[in-house]
Amino acid sequence: MEHLQNYINGELTDPLSGMWLPNFEPATGALYSRIPASTAADIDTAAEAAARAFPGWSATPAEERSRMLLRIAELIEARLDDLAAAESKDNGKPLWLARSVDIPRAARNFRFFATAILHTSSEAHATDDTAINYTLRQPIGVAGCISPWNLPLYLFTWKIAPALAAGNTVVAKPSEITPMTAYRLSEICIEAGLPPGVLNIVHGTGADVGAAITAHPGIPAISFTGGTQTGATIARTAAPMFKKLSLELGGKNPTIIFADCDFDEMLETVLRSAFSNQGEICLCGSRIFIERALYDRFRDAFTERVRALRVGDPLDDATGQGAIVSEQHMEKVLGYVDLAREEGGNVLCGGERVQVEDRCSEGWFIAPTVIEGLPFSCRTNQEEIFGPVVTLMPFDTEDEVLTMANSTPYGLAASVWTGDVTRAHRVAAQLQSGIIWINCWMLRDLRTPFGGMKQSGVGREGGWEALRFFTEAKNVCIKL
Ligand code: NAD
């Protein structure tokens, strides 16, 4: 059984505690590797290594930093098959999805910020004829990056790449539920020749390792993606220490379908936006609002398509829905289906655990689930489920759907389907979401601001927003 190791000061090391945590394959339910049960002592070592590496890395010319990050991107691409297999095994997602989305995007993240850093500039302000101001944007020091299990390497690198590109050194923690590709990334960094201490990857639980990163006085910036409650816990520690904080949190995203949309394209995309990655993407549209004139047609066509989604072995190319990431998460999602029934919902399809045959007979699978007949204000429609469960709700007017769409504490993403461009702009302007897609979903341009409002987060990732987060602005005023 493989034992993963921490990557600290350029070396792979065992946890100081000598303790290990189990790591399971969701598709089979089998224990297949062990990861370090690291503690605050390992974070102390990692933060010291990162602090020692900071003067050298931050003074390295941007072109050289860029070359190093491009080398890492190339190595990720060269190992596409291995990394995709590792991601699929660790998370339960279909292998084809890891191969076509997760791993290519991890390489793109490095490429994007490796090249972005060559094109940055900062501002200058001439103050009449009395002074010239210019702004330095300098790396902060050691950045802490904490990421979740749903898009493991994709989101891990989405933080690490801009932090390193901007000249910071990093102490990073992947989710303990999906540690494998982060471990492979440490092997890649060693192969690429990344100087010791520039990136440190420490494995373990949120309570031990995540909390130690958050509380460490030598880590002045924290970039976190995960659940809203965890974000609040992190903020409670980090805010009084005046750390820079970027929080990318949960969502309960509305999909709004007007009767004048292109039906076929909408149906295809809404199916994806509801169930991609088993619904375990923070951007998935889990509340589907349909203009009443289209409701019956949509419900029938959608439900038929959902029933045809194949739940199966992630290794099988024909699989549409892989395994749920953990037994605990599967129970949580099924608990929400029970709640929906108690709240008066009508389960149109799915709603139960699926037994997949052969090697996956002990795996954690759920049939994609569509529910109707629930009020927008009930718990099922207000709380994040983060699984293959969506609800359908009819609406009559634009005002009504905006009220319902904006009713949750979250504000991450929304998608709107309409053939009326004026209405599209009007609705987009009034939706309380940080990311809005019109007649599409998850069409990403890495330069755009990415993040949520309300309880979906604070701050934005992507493009210059990320580079700004990972730098400190310093104004220099020269009297003429
Ligand atoms: P989580 O909050 O349980 O864990 C996320 C990470 O935080 C993990 O590495 C975990 O070990 C760590 N952690 C846990 N407790 C901690 C603590 N007290 N201090 C510091 N770190 C701690 O989230 P999850 O279950 O891994 O991921 C699912 C959640 O992530 C969902 O709510 C989803 O919407 C959200 N998410 C948001 C985005 C986004 O961009 N907004 C993207 C993906 C996922």
Side-chain angles (χ1 to χ4, degrees), residues 21 23 35-40 43 90-91 93 102 105 109 144-160 171-179 182 201-216 219 222-239 243 245-253 276-286 324-326 328-330 332-333 336 383-387 408-413 433-435 442 444 448-462 465-466:
L21 298 167
N23 186 32
I35 72 165
S38 310
T39 60
I43 292 299
D90 217 22
N91 170 277
K93 67 179 68 209
D102 292 74
R105 172 61 190 273
N109 289 340
C145 298
I146 304 174
S147 64
W149 49 255
N150 63 321
L151 300 167
L153 193 63
Y154 174 136
L155 290 174
F156 198 52
T157 54
W158 181 232
K159 300 183 177 305
I160 290 170
V171 175
K173 183 193 115 53
S175 170
E176 64 274 30
I177 300 170
T178 52
I201 299 175
V202 183
H203 296 271
T205 64
D208 289 329
V209 178
I213 291 174
T214 309
H216 198 288
I219 303 181
I222 306 285
S223 173
F224 169 79
T225 299
T228 293
Q229 281 185 8
T230 314
T233 305
I234 288 174
R236 271 195 289 277
T237 302
K243 295 191 178 201
L245 261 186
S246 167
L247 301 173
E248 299 292 337
L249 310 176
K252 185 74 177 175
N253 309 309
S276 280
N277 205 45
Q278 300 73 243
E280 296 165 339
I281 301 183
C282 55
L283 307 166
C284 277
S286 55
I324 301 297
V325 73
S326 68
Q328 190 192 15
H329 192 57
M330 177 184 71
K332 178 189 153 188
V333 174
Y336 269 107
E383 297 176 16
E384 184 183 46
I385 299 174
F386 212 55
T408 76
Y410 296 105
L412 186 55
S433 302
I435 302 159
M442 223 163 143
R444 294 280 291 117
T448 59
F450 179 92
M453 50 174 77
K454 303 200 295 193
Q455 291 185 22
S456 288
V458 180
R460 294 292 181 273
E461 296 186 320
E465 302 272 348

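Counting starts at 1 for both ligands and their atoms, following the listed order.
Of all the atoms in ligand 1, the ones that sit under 4.0 Å from a non-hydrogen atom of K173 are 9 (O), 10 (C), 11 (O), 12 (C). Within the listing of ligand 1, atoms 41 (N) sit less than 4.0 angstrom from a heavy atom of L412. Which parts of ligand 1 touch E176 is read off a 4.0 Å heavy-atom cut-off, strictly below it: atoms 10 (C), 11 (O). Residue P174 has at least one heavy-atom neighbour below 4.0 Å for each of these atoms of ligand 1: 9 (O). Less than 4.0 angstrom separates some heavy atom of G210 from each of these atoms of ligand 1: 19 (N), 20 (C), 21 (N). Numbered from 1 in the order shown, with element, the atoms of ligand 1 that lie under 4.0 Å from a heavy atom of T230 read 1 (P), 2 (O), 3 (O), 13 (N), 14 (C), 15 (N), 16 (C), 17 (C), 22 (C). Listed by number with element, the atoms of ligand 1 under 4.0 Å from a non-hydrogen atom of F450 are 40 (O). Here is the list of ligand 1 atoms found below 4.0 Å of a heavy atom in L155: 42 (C), 43 (C).
Note that atom 4 (O) of ligand 1 has no protein non-hydrogen atoms nearby, at separations under 4.0 angstrom.
Nearest protein heavy-atom neighbour of atom 19 (N) of ligand 1: A211 N, 3.5 Å. For atom 7 (O) of ligand 1, the closest non-hydrogen atom of the protein is F224 CE1, 3.1 Å. Protein heavy atom at the shortest distance from atom 26 (O) of ligand 1 is W149 CD1, 2.9 Å. Remark: minimum distance from atom 12 (C) of ligand 1 to any protein heavy atom is reached at I146 CG2, 3.7 Å. Annotation: atom 32 (O) of ligand 1 to nearest protein heavy atom, E384 OE1, 2.6 Å. Looking from atom 8 (C) of ligand 1 to the surrounding protein, the closest heavy atom is S147 O, 3.3 Å.
Put simply, the side chain of L412 reaches to within 4.5 Å of the side chain of L283, judged on heavy atoms. Between T214 and I146, the closest side-chain pair of non-hydrogen atoms falls below 4.5 Å. Residues H203 and P174 form a side-chain contact, since some pair of their non-hydrogen atoms from C-beta on lies under 4.5 Å apart. The shortest side-chain heavy-atom distance between L153 and D102 does not fall under the 4.5 Å cut-off.
The closest heavy-atom contact to atom 35 (C) of ligand 1, among the options A172, G226, C282, G434, comes from G226. For the residues G227, A215, G206, the heavy atom positioned nearest atom 22 (C) of ligand 1 is part of G206.
For the atom pair CD (Q455) and CG (L249), the distance works out to 9.0 Å, reported to the nearest 0.5 Å. One distance of note links CE of M330 with CD of Q278; it measures 13.0 Å at 0.5 Å rounding. Separating the CD1 atom in I213 from the OG atom in S223 is a distance of 11.0 Å, to the nearest 0.5 Å.
The closest approach between G452 and ligand 1 stays at or above 4.0 Å for every heavy atom of the residue. Distances from ligand 1 to the non-hydrogen atoms of G451 include no value under 4.0 Å. Using a non-hydrogen distance threshold of 4.0 Å, G457 does not register as a contact of ligand 1.
For D208 (side chain) and T39 (main-chain N/O), no donor-acceptor pair under 3.5 Å exists by modelled atom type. Formation of a donor-acceptor pair under 3.5 Å by the S175 side chain with backbone atoms of P148 is not found in this model. No donor-acceptor distance shorter than 3.5 angstrom exists from the side chain of K454 to the backbone of P409, with no hydrogens or angles considered. With hydrogens and angles disregarded, no donor-acceptor distance shorter than 3.5 Å links the side chain of N91 to the backbone of T178. In this structure, T408 contributes its side chain and Y410 its backbone to a donor-acceptor pair below 3.5 Å.
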Determine whether E461 and K159 satisfy the following criterion, salt bridge (Lys or Arg N to Asp or Glu O under 4.0 Å), listing intermediate values before the conclusion. CA-CA 8 Å; E461 296 186 320; K159 300 183 177 305; 2.7 Å; yes
Between F156 and W149, is a ring-ring contact (aromatic ring centres under 6.0 Å, His included) present by the stated rule, with each step listed? CA-CA 9 Å; F156 198 52; W149 49 255; over 10 Å; no
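Checked by distance only, ligand 1 and T228 stay at 3.5 Å or farther apart across all their nitrogen or oxygen atoms.
Residue N150 touches ligand 1 through its side chain alone, judged by heavy-atom distances below 4.0 Å. Counting heavy atoms under 4.0 Å from ligand 1, residue L249 touches it through the backbone alone. The parts of T225 lying near ligand 1 are both backbone and side chain, judged by heavy-atom distances below 4.0 Å.
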